[in-house]
Structure formats: structure tokens, C-alpha cells
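So the structure is just underneath, and the comments pick up after that.
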2 protein chains.
Amino acid sequence: MSQKNITIRDVARRAGVSVGTASRAMNSAPGVMAKTREAVREAAKELGYQPNAAARALRSRSSRLIGCLFSDLENPLFARLFNSLQDRWAEEGFVTLLSGTSGKVERERRTLETFAERGLDAIVVAPGHERDPELLRMLEAFEGPVFVLDRDLPIEADRLLFDHEAALRDAVDYLVGLGHRRILPVFSHGQARPGVLRHKAFDAALADLGASAPIKIEPATPNSPVFQEVTEVLSGGDRPTAMIVQGTQVLSSTLNALAHLRLSFPDDISLIAIGDSALTVDHVPPITALRMDRDALVDVVANRILDRIRNPAICDRIAPTLRYELVVRASCGARGDAG
Amino acid sequence: MSQKNITIRDVARRAGVSVGTASRAMNSAPGVMAKTREAVREAAKELGYQPNAAARALRSRSSRLIGCLFSDLENPLFARLFNSLQDRWAEEGFVTLLSGTSGKVERERRTLETFAERGLDAIVVAPGHERDPELLRMLEAFEGPVFVLDRDLPIEADRLLFDHEAALRDAVDYLVGLGHRRILPVFSHGQARPGVLRHKAFDAALADLGASAPIKIEPATPNSPVFQEVTEVLSGGDRPTAMIVQGTQVLSSTLNALAHLRLSFPDDISLIAIGDSALTVDHVPPITALRMDRDALVDVVANRILDRIRNPAICDRIAPTLRYELVVRASCGARGDAG
DNA sequence: CTGAAAGCGCTAACAT
DNA sequence: ATGTTAGCGCTTTCAG
């Protein structure tokens, strides 16, 4: 607090070199003799030197900050994604900023403004709004790579898309193969890509069978409780024989409703969860779920951002699609009759 | 990307003032005529001026960054706390950094190092390790206010403590008042303050009754599943009539076990949750829980940090204790016999 | 109340 | 391979 800060000048003096050399040594830049570099590092350690991030950022025009804007932090996939990205980027000397917006467009705008002011080197975004003109403008004005995560944002950017349609079709096909016909969807629709595509694919898969879902439960958000809705539907006549349920709070209130009705799976009803988590894995019996390969996800995002930061000249765009895997566990059973 | 950045020089020129005046105007510093200030702001807006955070940080020696180091992000209390703090501090122009360490001391050290290098203006910490010498050294060396959240760190700092002892006593008293004697604790012990105090208080409360808990379940972490343990204990003879269960994953696997054993509360067993969340509130029936007043928590932390940043001369330390409130819902029932 | 100028600590360009 | 130096954009004295 009181003592003068140690600057690179001090380190250079102590190591008996110039500041330029000291800087190069500390940054592992080429063109420094191994011996010199060691001497500088040694001096730095002895003095307890800590580089000043602001000065470096000012001069090098790189904040070494990467931002994440996610609409839904309660989605464990995104929470874990942040964790992994943070780890990965920390290895490379970057600090990761996180902003959860709960889908509020106002907060999304504010976040983007902050990201711009702070001169972030790159951002990865999964906003709740895909068409807000102001948001799109800010995204396009952002100086630096933008990575879009599973959103249909009409901007030029790298992106990674989840194949919700294949996922839902896999789930429906699996259930149909087991003899199910009355399948209850319990996942939110919303305005963004995931919900839209899931419902579209679900409807299409059913239409292919010449069927349709007479009843749907569409939670307002992925974290809305649906105890009451599920209870009502499952108490009525012509009860569905299977359900496809979104993870997290929707799933946990569904399980609660099932327990209440003394309905158990796979005997009384079959269940597939969208998204894999402790809730599905550790449940007894374990729940069949659509799983996203988080490691693959992290690799794509983390590396692409790093590549772009290092080589701003890259002008191609990537847009790979990641498939969910249907992890079959014990929550679905065969249905002999044409239930 | 291509166009030259707009600096405060450009703004000053356009407004017909000097850079000094422009800076003062933009920062609402005293000693600028209202008219001049407006002119500058107008010019800034017209040009789309965005101040450069790095330059400002370098010159003013303040990064306007505040960091949070939490051992457990899966604890919804901390996740929400971060959200609220971020919001509150954003209003004042600060950006909040988050690091979840999962209790790994190595990550905690690395985080603190990053926080120091980046010149954060303040930090709030709840590490998993309270005695790691290296960590303590770094904490003491940190230049700027440190706020300790519910940890017994032997350092000079502002802190906020949760009254786990009163909370557990309240819970036990409530259950005892309902006639319960055999109470099963299901919460982790760990090395940090919360677990230690909870177990201490639980044991003491039982000792006061001349009793003791013959069986305990101590999850390895607050997020460990305990289905098996709970199932075993509740299947045995002399089954407990009540349980006190830690929130999150521990709670959800406990509920799962209960459903499996066809045990329902409050009839077959009574249950109190430590920590309030969607899981307790939305459950049917709703679960009696120990609730922490998050708003009070946020106010204390956010404001104290802000005060200290603004007035580094403050030399007193605060260390208030926040009580949990026992929110009585429908998960506990009376026990006529001396169960 | 405003202008001029110094300089925060660092990296990068240029010189040797 | 290393030294020298300019200057990133801003805030903050110090003059006026």
C-alpha cells in the first residue's frame, strides 16, 4: 500500500539489461538469449515484480480479457462452460468475464456496452434476443472476434449450433420404437433458437407418424416450475405414456409431480431429459438423457477464439453443428399396446 | 477495426475545449461550468466516444474491477449473490470478475495472483481453504479492500459471518418441539467455517437434550449425491423421524431417496433444508428451510466495498453476523410418541 | 474555471 | 541480441 510499485525498470536494472530486453524476456518473445531471459526472470522473482495489466493493455491494444454473455446461467451447461473456458483461457493469460442477463434485453445491451468500453479481445454470446436491432448493431460494431453460441443471430460471426432437431427426432424415434404414441413435451418455447427448433422438430417427428401432440406443456422459462401443469395432465384420462422434459428446474418439478402421483418410471411412464446433469445421472433409476459433449464444445469455442485473437486476418467463418447424444439409461420402458 | 479510435482529444477539439476540461466534464468532476460540461458530453455523443478503460486505469491507478472468489459456485446462494453484486456495482461503473475454485487451493492461489496483477480495486473472498499460508500471504499482500464472506480467515479484513450455530439450534429446537428425538443430519463437514459450525452446533443442541445423533451422513461436498446413504439409513430399524438436509444436490438426491422408499413428509418423516431455493419453495409440499436474507447480504457487501474504495482511509473493521430465518412450511409434522 | 504539460508502465519500432 | 526511445489515452498537477 505504501511502498512504491516495482516496475519493469526496476527489474531491468537489477538484471543489468535494458527495459526492452526485460520486457521481451518476461513475454517469452523471440530474440533473447536463454541466459539473459533467466536472469531477468530471476530478478523479477526476487523483486516480486507484477506486470501492470493496464499499462500493457494500453500499449499493446489488447486487454487480454474475454467476455461471455449468456442469457441463462441457471442452465448448468452454460455454467460449466464458463468454468471450462475460464480455465482454458487462464492458461493462456486471459481473464474471462461473465454476464448472465436472464434474457433481459436491457441487460444484454448494457453488458455489450461494458464489453466494448473495456476493450475486450473477444466475446462469446448467447443472448436471449435474436432480433433486437440495437443489440445487433452493437454486436456488429464490436471490435474483435464474436462467437455466437447456439443462436440464430443475423450477423457475420463464427458460431456453434446445437442440433436440436436431430436430438428431438432421436428422442421421439426412440420412444416410438418402444411402442409409445402419446408423448408429452415439457420444454419451453421462447423466442430463441433452442426452444423454437425443439418444438418444430418435435411436431415434425410426430407429424411423420401421422400423429400430433394433443397436449403440450411449455414452461415460461427453462427454470419455471411445472408441478401443477404436469400433475393436471397426468391425472387426466388418456394419460401420456412418455414425456420429453427439459433439464434443471423443469425436470426437478416434474420428478416431484411424478413422485406425488405415485407414478414411477419406467413402469408407469417413460421419460427422457433434454440435457444431462447430476439430476439425471444420479437419479435412481438413472434417467435417459440427451447429452451435449461439453468437452467438444469447449474445445471449439476456446480454440477458435484464441486463433482469431492471434490471427485477426482469418476471414473464413466456422459454423459447426454439434449433435446431442441420446444416453440410454433406465427411465424408458417398452409399451406393448398402442398406448 | 479499420477506423481510427476516437480519443478524448477529438472530443475536446470538437467541443472547443482542452483535453483537461473534457476529461473533467466526462467524469463529472467539480469545477466545470454546466454549459461547458453539456457541450463536451454533446460532442462525445456525436462522435460516439468511448473512454479507454486501460488508459484510465493506468493513469488513475484504479481498474474499476472488483473480484469475487467463491469456493462453491454450485451453491445457488453464491451464484445469486454474484448476480446481485454485479448489478449493484455496474450501476457505479465497476465490472465484477468471478472465479469459482471448487475448493481447489491451487486455483484459489492462481485466482488471487490474477486479481493482484489486474490491479483489482477490491475483492470479496470465500475460499475453500482457511489456513493455507500461501493464500493468507497473498490475501494480506493484496492492495485494496478485502471482504471475507463467511470464512474464519485469520487476516485483518471486513467480514460477514452467517450464524450457522443459531440456525442449527433453531432447526433442532423446532423439531424437538414437535416431538422428534431421532434427527438425522445430512450436511457436509469439510474444513471451512460453515460445515464445522453446523456440526458443532448440531451436536451441542443434541447434547443439551442428553441425546446424540447415532448416525450422521456427511456428504463429501455440498454437491455430492447421497441417495444410497439416505436409503440405507432410512431402511434400517429405528429409523430417524426427522432430517436436516443441506440444499442443492444433497437435497435433491435425498428427495429422490424418499420418493423411492415411498416415504413422504410430513407424514412419514420431517425435513428441514439448510438454504432456501426453488427446490424448497416450489416443492409440493413446500419444504421448511433455513433462509438467508440475500438482500441484506448484498447490501452489506456491496456498500462496504464501495465505501472502502472511495475512502481508503477507513480503518475500522466490520464483522456483522447474519442470522438464518427458519421459514416454516409444510415438511415437518408433530410426533406424538417419543419417536 | 480552463489550458498546458507531465507522466502512469509498458511494448514495439528502430538503432546498434 | 540488446539498447534507446516514442507514445498508447487518459487524469492530474500546476499555471493562469
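Just so we're on the same page: letters track the sequence lines, and every chain starts at 1.
Comparing B/R61 and B/M33 along DNA chain C, the residue whose closest nucleotide (by nearest heavy atom) sits nearer the 5' end is B/M33. A residue-by-residue look at B/A22 and B/L58 shows that B/A22 has its nearest nucleotide of DNA chain C further toward the 5' end.
Between A/R56 atom CZ and D/dC10 atom P there is a gap of 21 Å when expressed in whole angstrom units. The CZ atom of A/R9 sits 11 Å away from the P atom of D/dT5 (whole-angstrom rounding). When rounded to the nearest whole Å, the span between CD1 of B/I8 and P of D/dG7 equals 20 Å. Taking atom CG of residue B/N5 and atom C1' of nucleotide D/dC10, one finds them 13 Å apart after rounding to whole Å. Following rounding to the nearest Å, B/D10 (CG) and D/dG9 (P) show an atom-to-atom distance of 9 Å. The CG atom of A/L47 sits 15 Å away from the C1' atom of C/dG9 (whole-angstrom rounding). Following rounding to the nearest Å, A/N27 (CG) and C/dG9 (C1') show an atom-to-atom distance of 13 Å. As rounded to whole Å, 10 Å separates atom P of C/dC10 from atom CD1 of A/I6.
When every heavy atom of B/A15 is checked against every heavy atom of B/V40, the shortest pair comes out as CB-CA, 3.9 Å.
Between A/V124 and A/L81, every side-chain heavy-atom pair lies at or beyond the 4.5 Å cut-off. Residues B/P51 and B/N27 fail the side-chain proximity criterion, which asks for heavy atoms closer than 4.5 Å. Between A/R61 and B/N5 the shortest side-chain heavy-atom distance falls below 4.5 Å.
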All N/O contacts under 3.5 Å from nucleotides 12-16 of chain D to the protein, with atom names and distances to one decimal?
none

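Other residues, nucleotides and ligands contribute over 12 non-hydrogen atoms within 6.0 Å of the CZ atom of A/R294. When the shell of 6.0 Å around CZ of B/R88 is examined, it contains more than 12 heavy atoms from other residues, nucleotides or ligands. The environment of CD in B/E92 is crowded: more than 12 heavy-atom neighbours from other residues, nucleotides or ligands sit within 6.0 Å.
A/T36 has no side-chain polar atom (N or O) that falls below the 4.0 Å cut-off from OP1 or OP2 of D/dA1. Distances shorter than 4.0 Å separate none of the side-chain N or O atoms of B/N52 from OP1 or OP2 on D/dC8.
When distances run from any side-chain atom of B/T7 to the nucleotides C/dT11, D/dG9, C/dG9, the shortest one goes to D/dG9. Taking only side-chain atoms of A/V32, from C-beta outward, the nucleotide of C/dC10, D/dT2, C/dT2 with the closest atom is D/dT2.
Each of B/L149, B/N75, B/V125, B/T101 was checked for a side-chain contact (heavy atoms from CB on, under 4.5 Å) with B/F70, and the lone residue meeting it is B/L149.
Sorted by first and then second residue, the pairs that involve residues 29-53 of chain B and meet side chain to side chain donor-acceptor pair (under 3.5 Å), not counting sequence neighbours, are B/R14-B/E46, B/S28-B/R41.
An angle of 30°, rounded to 10°, separates the two end axes of the helix from C/dC1-D/dG16 to C/dT16-D/dA1, each defined over five pairs.
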